[in-house]
Amino acid sequence: MLLSIIIFLPLLGVIAIALLRGMGPSAVKGIALFISLLTFLISIGLYTGFDANIEGFQTNELLRQKTTWIADLGISYHIGIDGISLWLVLLTTFLTPICIIAAWNSIEKGLSGFMMSLLALETGMLGVFCSLDLFLFFVFWESMLIPMYFLIGIWGGERRIYATIKFVLYTMAGSALMLVGILALYFQNDSSFDFVALTQNGPFDHSHLLFLAFFIAFAIKVPLFPFHTWLPDAHVEAPTVGSVILAGVLLKMGTYGIVRFCLPLFPEAAANATTWIIPLAVIGIIYGALVAMVQPDLKKLVAYSSVSHLGFVVLGLFSQSHIGIQGSVLQMINHGLSTGALFLLVGMIYERRHSRMIVDFGGLAKRMPIFATFFLIVTLSSIGLPGLNGFVGEYMILLGSFINAVNGTFSIWYVVFATTGVILAAVYMLWMFQRVMFGKLDSTNESLPDLNPREIVLLIPIIALIFWIGVYPNSFLKPMKMSVDEVVKKVDTTQNTPAVGQLEYIDNTVEPLQNNETDKPMLINEEEQSK
Amino acid sequence: MPTINWSLLRPELVIVSTLFIVLIFDMIDSLSKKVLGWITIVGAAIALWVSIDMILANKVGTQFNGMFEIDPYSLFFNVIFLVSTILVTLISLSYLGRDNKKQGPYYLLILLATLGMMLMAGGNELIIVFLGLELMSLSLYVLAGYFRESPASSEAGMKYLLLGAFASAFFLYGIALIYGATGTTSIPDIATKLTENSSSPLLLSGMFLLIVGFGFKVAIVPFHQWAPDVYEGAPTTIAAFISAGPKAAGFAAFIRIFMEALPDMEPHWNGVIILLAMITMTGGNIIAIAQTNIKRMLAYSSIAHAGYILIGLAAASNDGTASAMLYLLIYCVMNIAAFGAVILAKNADGESLLISDYAGLGFRKPLLGLFLTLMLLSLAGFPPTAGFVGKFYIFKSAVQSGHVWLVIIGAINTAISAFYYLRVVVTMYMSEPDEELEINPYPSTLVLGLVIASIGVLLIGILPTLLLSPAQNAIM
């Protein structure tokens, strides 16, 4: 029940705003902020009520709900969370109030429509992360497109219409195939769309095609190279808040889909697909980084850095090792925080200067010390400096991929190339930071005011989390351990069943290592951390 | 002389009575003509209520020596026709103008066309189906050319008449050939005769002529050319009407004949239907992208929707038929409402029909923007609207019958169609207006029609079981 309240409370806010928008802009903003904060506060209950020892989805009545919806078609309203979706739900409820505060003064036209879209989007995103019924999942997945379409299309920049239509069409093209996949699964699942039943019903016929139908939809959303071309357009044209939500949560829906559906439902197909997905992920890491390096536009730079960062996440997921997947899930949150914060910061500077071009800036650190401090922390977190969140995630991903590369799942060179992505990230981020913050202060920038209290207030929670994850990731890793175990178990058993003679030798030597790794992933990580 | 169970014919009788009331009312000069539309609505509403009542009470049977069948199938289609008639009449009230002298024949013809549709859905005999078809079509020809002073409307009426007569001829010739092959025109008898002697060239050609005839009537590619011209020229309310009820009636007879009379011929017709479904969806959607006139765009979109419905027929299963029926009902409501929103946008000097005229409308006329957006999203098949449920059920039944490729093409078409539906939304909300358009105040009856349709579209989107079970029961 609690979960339903969290999902639909923002929708209630939409209705409230629609009815009360005559009361003026401050009332609209007040309602939106109140509702989103309330949603966040209630969602903390998910964390406190979460039992980290349960395998799979939480069974607590508060966190799990199943009601028949369309009985004739085997569709139920089934929602629940596990250690993976818990964090994405919290990330969503955490970022939404921040977005509302960020948009406090920057929306000139159609404020009520903006807030309604934002809250409707929150409902859609939460629904996607909580659905345990494929039909329900698809309903949320598609309906979340509409508010995002308006957010970019109405409140976006110059080429917003092109960007928003591209965004919708890319996603729809992907989801069209996913719909066919969902239908095909339905008939192999005793005519039911229930996801929990589905996890027990595998392996499925045509699993390779089904895997592709799902994977392409998610790969477009991630976006994995070469499906990424919609992303820079959407990010650049979207309003600041749109970019934050897009980078913070929407992209995670792709990686979430992979870890929730692609890996556990079609383990064999996923194992086979590693041979081409890992290269694509690595190309994405390096290509994204290289393109980011030459961007003259701050927002575009951050957008391309997302392509690179999410390449890491996909790499970790398809390393199919416990530590890699755990790192990926953590990195989803990290990326949501750091990139979300970067977009917020870029938005703040844009509001002051009405330019996002790096050449227009320089020497800002002197004029705006608070801004520069926040910017530095977030930049370092994005690079992956030890002690900040980005390091933990990327380290675990690389470690996990390295372990499996040593096992012979894929070439070790991929991991080596992926690691250069970390260095490249330092290059483009620090270079950008240097050009914006240091050097000669341009005369036009001399009057730029530093951050105001509102902006500081909305950044501080993000910064706090950046440090928290960086210093003590265990509070985040622990609840997700069992859930990641579930995924790994699915992937592993089927990986080993068709083991051909060739692989046996490797399997024997590696088994102790794998056990060790699944038993004590946190320990390994902490040890490395303390070094 | 067989006894006639009049109680089974209640919906038809109500419509006939309403028709006469309208006729007599119109002849008496001293009576106000304002109420003609309301008489039509009340009559159709009573017929709707009676039909629903008969579905719930499961009143079935055949009449007139088995020539007319009253079964859950025909009753469900009655609901589709009557809902369409009520909605079209609601949006017509203000469109025709309250003191328009010519209202009498308008509502009379709408009721006649509705009666023709009901005959088509219940016809258990090819001749009855043909009679219904002609009754419906002749009324529509007149309605399409109803605005005599407008050249576009006259052209639409003439075009529709010529091509429609052509299609009727195909249909009749098909009946003749099938009669020649089987010696009967009764739908159940054809099925029994077929088990004895299978495909003869006579029967095959008769069958394909029927497909051509129906193809014209329900606007399937490549028999669709009349549709955009007629929709554009005809009064907008009539365009809404033609796109809804008659299409449903065409499919009602189409599905009944092919699923009940010719099920044994399925190997012969299934491939053709699949092919037609593919080119109809794709053709309709791709040409719709290029349209600048919203009525033409909706015309091509309705062609594409005929393609989706054909998927249900191609599935050739009970579920497929049920899904096609459900989709037709949903489609009729959302399409009429979309046309209704177009009427709402009409300005002082006429209608604003170019999509570019809608620039900035969403903010200046929030209610209109909301209606049109909701209907377009539903037509595009976004959840949580009824359009999504309908499409989902059709795709599901087709996958069940093994037509995965057809569904993939259908799903891709959904993405294509989103492009042009959303383009209207883009224009309404994201473009700045070139000039300020004068927009009339909202006529309350039109808004009422749109509110009803909107509630319906959302309600069915969230609680599809309300319609799903009746549709499934109508087939089982």
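Proteins come first, then strands; the chains are lettered A, B, ... in the order of their sequence lines, and each starts at number 1.
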> According to the interplanar angle, ranging from 0 to 90°, do the rings of B:Tyr429 and A:Phe150 count as parallel (below 30°), tilted (30 to 60°) or perpendicular (above 60°)?
perpendicular
> Could you name the residues of residues 377-388 of chain B that have a heavy atom within less than 4.5 Å of a heavy atom in chain A?
B:Leu377, B:Phe382, B:Pro383, B:Pro384, B:Phe388
> I need the contact set between residues 139-148 of chain A and chain B: heavy-atom distance under 4.5 Å, sorted by residue number.
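The residues closer than 4.5 Å to chain B, in numerical order, are A:Val139, A:Glu142, A:Ser143, A:Leu145, A:Ile146.
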> Under a 4.5 Å heavy-atom cutoff, which of B:Ile408, B:Thr373, B:Asn413 has the most pairs with chain A?
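Result: the option with the highest number of such pairs is B:Ile408.
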> Considering only heavy atoms from C-beta outward, does the side chain of B:Lys396 approach that of A:Phe187 to under 4.5 Å?
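Result yes, sub-4.5 Å side-chain heavy-atom pair found.
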> At a 4.5 Å cut-off on heavy atoms, which part of A:Thr171 comes close to chain B: side chain, backbone, both, or neither?
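The answer is neither part of A:Thr171.
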> What part of A:Phe135 lies closer than 4.5 angstrom to a heavy atom of chain B: side chain, backbone, both or neither?
side chain
> Would a 4.5 Å heavy-atom cut-off, applied to side chains only, mark A:Leu179 and B:Phe392 as touching?
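Yes, side chains in contact.
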> Do you know which of B:Val425, B:Ile416, B:Thr414 has the most heavy-atom pairs with chain A at a distance under 4.5 angstrom?
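Among B:Val425, B:Ile416, B:Thr414, the one with the most close pairs to chain A is B:Val425.
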> Check A:Leu169 against B:Ala415 and note the closest heavy-atom contact, atom names and distance.
CD2-O, 3.4 Å
> So which atom in B:Pro464 and which in A:Ile70 form the shortest heavy-atom distance, rounded to 0.1 Å?
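Nearest heavy atoms, B:Pro464 then A:Ile70: CG-CD1, 3.2 Å.
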> Does the side-chain contact (heavy atoms from CB on, under 4.5 Å) test come out yes or no for B:Gln400 and A:Tyr186, once each step is laid out?
CA-CA 9 Å; B:Gln400 196 162 20; A:Tyr186 165 77; 5.9 Å; no
> Is a donor on one side and an acceptor on the other found under 3.5 Å between the side chain of A:Tyr149 and the backbone of B:Leu422?
yes
> With a 3.5 Å distance limit and no angle check, can you tell me whether A:Trp69 reaches the backbone of B:Leu463 through a side-chain donor-acceptor pair?
no
> What is the minimum heavy-atom distance between A:Ala176 and B:Ala411, and which atoms define it?
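That closest heavy-atom pairing would be CB-O, 3.3 Å.
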> Do the side chains of B:Phe419 and A:Ile165 get nearer than 4.5 Å, heavy atoms only?
yes
